[in-house]
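Chain naming here is simple, since letters A, B, ... match the order of the sequence lines and numbering starts at 1 in each.
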Protein chains: 2
Amino acid sequence: MHDPDHRAVTLADVARLAGVGESTVSRVLRNQGSFSKRTQAQVAEAVASLGYVPNRLAGMLAGAHGTAGAKLVGIVIPSLGNVVFPDLLSGAASVLDRDGFQSVIGVSDYDPAREEALIGALLSWRPAGLIVTGLEHTDGALARLRASGIRVVEMIDTDGPGLDIVVGFSNRAVGRDSARHLLARGYRRIGYVGHDVTRDLRAGKRLAGFTETLTEAGMPLHDREIAAGASSAAAGRAALDRLLARTPGLDAVYFSNDDMALGGYFHCLAAGLAIPDRLALFGFNALDITAAMPQPLATVRTPRRAIGAVAAERLGAGGPREVVDLGYDLIPGATA
Amino acid sequence: MHDPDHRAVTLADVARLAGVGESTVSRVLRNQGSFSKRTQAQVAEAVASLGYVPNRLAGMLAGAHGTAGAKLVGIVIPSLGNVVFPDLLSGAASVLDRDGFQSVIGVSDYDPAREEALIGALLSWRPAGLIVTGLEHTDGALARLRASGIRVVEMIDTDGPGLDIVVGFSNRAVGRDSARHLLARGYRRIGYVGHDVTRDLRAGKRLAGFTETLTEAGMPLHDREIAAGASSAAAGRAALDRLLARTPGLDAVYFSNDDMALGGYFHCLAAGLAIPDRLALFGFNALDITAAMPQPLATVRTPRRAIGAVAAERLGAGGPREVVDLGYDLIPGATA
DNA sequence: CCGAATTTTGGCAGCGCTGCCAATCTGATT
DNA sequence: AATCAGATTGGCAGCGCTGCCAAAATTCGG
């Protein structure tokens with residue numbers, strides 16, 4: 001362990017011990033091309049006895065120039081703290097693993113400048129493709145992406161022009177449908193509780209669709225309360241408290257997502273407000289936990305794993321620019 | 001975008017355009033060694049006009065043999081679905097970024113065999129060090145780790161012998177303290193609700209410490225219910241329901257973690273059981289959401305980000321084998 | 001204005017592996 | 001036994017970059 005002067009075993013060492021050529025070892029190891037059973041056995045033995053570990057750096061460098069292209073993709077997400085993104089990642093990973101791709105992940109913390117830097121960093125791995133989140137990027141990021149000449153998939157959001165491939169659903173439509181649902185249930189004095197929209201642009205688009213529909217129905221948004229910072233149950237609880245203190249007459253509240261909505265739910269419990277009679281609650285994301293609530297939360301389920309999987313799928317495929325809309329499901333629940 | 005025959009710009013191209021040698025460009029780009037202001041400007045201009053992106057693959061391959069060693073670390077975690085791991089990652093990332101390290105992440109899905117495969121895969125990136133989760137690994141994984149000769153940090157769990165550096169806290173002690181707390185509060189008929197322990201070994205250690213202390217106090221665990229599969233609020237709710245149906249007399253329940261406990265909380269709400277008078281609830285992890293509950297959950301806060309940060313820190317440092325215990329805090333909350 | 005000290009600079013040999021291609025071997029066929 | 005297609009195999013030139021080292025340019029003293 002932790003041996004400073006550790007002479008790494010190379011493919012040449014294996015070849016020597018196995019008594020075959022380097023390219024033969026390479027072929028056997030990658031199970032590509034042809035070789036005899038006997039050679040394979042010899043190589044396997046040499047590898048085992050030497051404890052050889054291939055050097056992917058060298059392999060990719062050498063292999064990346066021909067037809068092949070490195071079996072590597074870069075993924076940029078804004079956060080790991082929100083379940084959404086791990087779900088996207090695991091969806092992508094399932095496909096990537098199957099196809100023998102490695103992935104390098106970057107987390108931007110919802111910071112566009114950081115995203116640009118990350119894109120630069122990931123590009124320097126010479127990936128076969130890049131998966132990024134959302135449609136909004138800095139000019140610099142866009143320029144790098146274009147200049148790279150590789151396939152780029154933008155995931156989650158379909159509300160806007162994409163660079164290359166876009167996989168997701170319409171956040172605006174989610175907002176509209178959520179509004180339509182509340183309206184259909186007879187709610188009339190509707191409020192909104194959200195978090196910092198400058199960071200989470202998708203939440204902003206949902207809100208835009210939501211208010212749009214409300215306004216079209218002649219029932220504009222009654223009041224709104226925006227919590228500073230990231231979404232969380234605590235922020236949602238506090239924000240709902242403030243909202244109701246200011247505008248007590250609301251009969252329904254739309255939350256920027258389920259984390260916020262859960263906080264709102266807790267506020268109602270603590271304040272003794274009957275749900276949904278006194279106040280209806282509507283969220284977004286369909287977090288697993290919302291199904292375990294005494295009254296399942298009214299929310300919208302998005303195909304997160306599928307989005308990740310399709311994004312990974314499209315990355316490998318050739319083909320023209322495209323927008324893949326995977327839709328979503330409105331879950332009525334019991335809180336609205 | 002997605003241009004098949006894209007001739008990549010190389011360092012040589014930059015050198016040519018800037019009218020300097022390759023090594024000079026390399027030095028300027030890495031801001032290492034010495035060069036004149038004028039050269040720097042010329043190089044910068046050439047880089048900009050060509051849109052040059054360094055090839056890290058080549059850089060690492062070339063640079064990894066001397067004293068340096070690649071600026072890369074591998075991280076293996078069992079899951080992204082549980083907040084614990086993103087927290088560890090972001091703690092590690094904060095330090096790694098600062099020190100200019102790249103990280104490659106592997107997710108094992110709590111499968112030891114998969115972990116072994118991942119360790120092999122990560123090792124083939126020739127990282128300067130590896131951060132893995134927990135102390136339990138397959139023999140094969142252990143062998144590879146040892147053979148690699150690189151620094152290895154095992155994080156989270158300190159209950160057992162480590163390979164090299166261990167950073168975390170004692171899960172067994174958490175279990176003991178949790179039991180002591182419930183006992184001190186006067187609870188006597190104590191049950192346990194957990195999830196699949198064969199996958200989450202740390203939960204098993206907490207349970208072991210918990211039952212141990214209970215038994216020593218002459219107040220052995222009354223009953224337990226184990227949900228199949230991963231932890232979740234739904235699993236916790238259902239399992240508590242089953243447990244109480246079988247053993248109605250319990251006055252407190254220890255959960256394998258906060259997700260499960262949250263489910264238990266919801267069950268109590270739905271069933272109209274007063275907390276903590278009729279039933280006390282105790283969790284683990286101090287998820288943010290538990291602080292927003294009408295009655296904050298009694299739980300244990302672990303220094304997750306710090307563990308990740310310290311793990312990353314130690315990776316760079318030389319020094320002997322070591323165990324770093326970062327401790328934890330018991331949060332009394334209002335449910336126990 | 002000269003030599004020594006110091007700063008800049010460029011050439012080039014790898015890093016470990018893969019792609020390409022020619023050489024060798026195999027067995028079947030005539 | 002000679003011929004031939006197909007299976008196996010090894011040599012070697014890079015992939016793009018960095019480390020090393022000697023050469024060139026600059027600066028400093030006196």
Colleague: Give the rounded distance in Å between these two atoms: CD of A/E22 and C1' of D/dG10.
Modeller: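 Rounded to whole Å, this separation is 9 Å.
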
Colleague: State which of D/dG10, C/dG10, D/dC17 makes the closest approach to the side chain of B/A62.
Modeller: D/dC17

Colleague: How many Å lie between CZ on A/R16 and P on D/dG11, as a whole number?
Modeller: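 Going from CZ in A/R16 over to P in D/dG11 covers 12 Å.
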
Colleague: What residue among B/R314, B/R151, B/R321 forms salt bridge (Lys or Arg N to Asp or Glu O under 4.0 Å) with B/D164?
Modeller: B/R151

Colleague: Would you say A/T24 reaches D/dG10's phosphate, i.e. side-chain N/O to OP1/OP2 under 4.0 Å?
Modeller: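 Indeed, a polar side-chain atom of A/T24 lies that close.
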
Colleague: How close or far is atom P of C/dC17 from atom CG of A/D13, stated in whole angstroms?
Modeller: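 Distance, rounded to whole Å: 9 Å.
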
Colleague: Just to be sure I understand the rule, does B/S36 reach a base, reach only the sugar-phosphate, or reach nothing, if contact means heavy atoms closer than 4.0 Å?
Modeller: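 Contact class for B/S36: sugar-phosphate only.
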
Colleague: B/K71 NZ to D/dT18 P: how many Å, rounded?
Modeller: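 From B/K71 NZ to D/dT18 P: 14 Å.
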
Colleague: With heavy atoms under 4.0 Å as the rule, sort A/R30 into base, sugar-phosphate or nothing.
Modeller: sugar-phosphate

Colleague: From C-beta outward on A/L61, which listed nucleotide comes closest to its side chain: C/dC17, D/dG16, D/dC17?
Modeller: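 My answer, after comparing the listed nucleotides, is D/dG16.
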
Colleague: So, the side chain of B/R56 versus the backbone of A/A121: is there a donor-acceptor pair under 3.5 Å, distance only?
Modeller: yes

Colleague: Can you see if the side chain of B/T39 gets near the phosphate of C/dT9 - specifically, an N or O under 4.0 Å from OP1 or OP2?
Modeller: yes

Colleague: Let me know, please, whether A/F35 or B/G59 comes out on the 5' side of the other along DNA chain D by nearest nucleotide.
Modeller: A/F35

Colleague: Could you check whether any side-chain N or O of B/D157 sits under 3.5 Å from a backbone N or O of B/D159, counting only pairs where one atom can act as donor and the other as acceptor?
Modeller: yes

Colleague: Would you classify B/S34 as touching base, sugar-phosphate or nothing, given that sugar-phosphate means primed atoms plus P, OP1 and OP2, and contacts are heavy atoms under 4.0 Å?
Modeller: base

Colleague: Of all the choices, C/dC17, D/dC17, C/dT9, which nucleotide is nearest to the side chain of B/Y52 once you look at every atom?
Modeller: D/dC17

Colleague: Charged N to carboxylate O under 4.0 angstrom, A/R98 versus A/E313?
Modeller: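 Salt bridge: yes.
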
Colleague: Please figure out whether B/G21 or B/A58 has its closest DNA chain C nucleotide nearer the 5' end.
Modeller: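 With B/A58 and B/G21 compared, the 5'-side residue is B/G21.
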
Colleague: A/E115 side chain to A/V76 main-chain N or O, any donor-acceptor pair under 3.5 Å?
Modeller: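 Not a single qualifying donor-acceptor pair exists.
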
Colleague: So what does A/S23 touch, heavy atoms closer than 4.0 Å: a base, only the sugar-phosphate, or nothing?
Modeller: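 Here A/S23 touches the bases of the nucleic acid.
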
Colleague: Check whether any side-chain nitrogen or oxygen of A/R126 sits under 4.0 Å from OP1 or OP2 of D/dC17, and answer yes or no.
Modeller: no

Colleague: How many Å lie between CG on A/N31 and P on C/dT18, as a whole number?
Modeller: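 Taking CG of A/N31 and P of C/dT18, I get 13 Å after rounding.
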
Colleague: Below the 4.0 Å mark, does D/dG19 have OP1 or OP2 next to a side-chain nitrogen or oxygen of B/Q32?
Modeller: yes

Colleague: Any donor-acceptor pair under 3.5 Å between the side chain of B/R27 and the base of C/dG10?
Modeller: yes

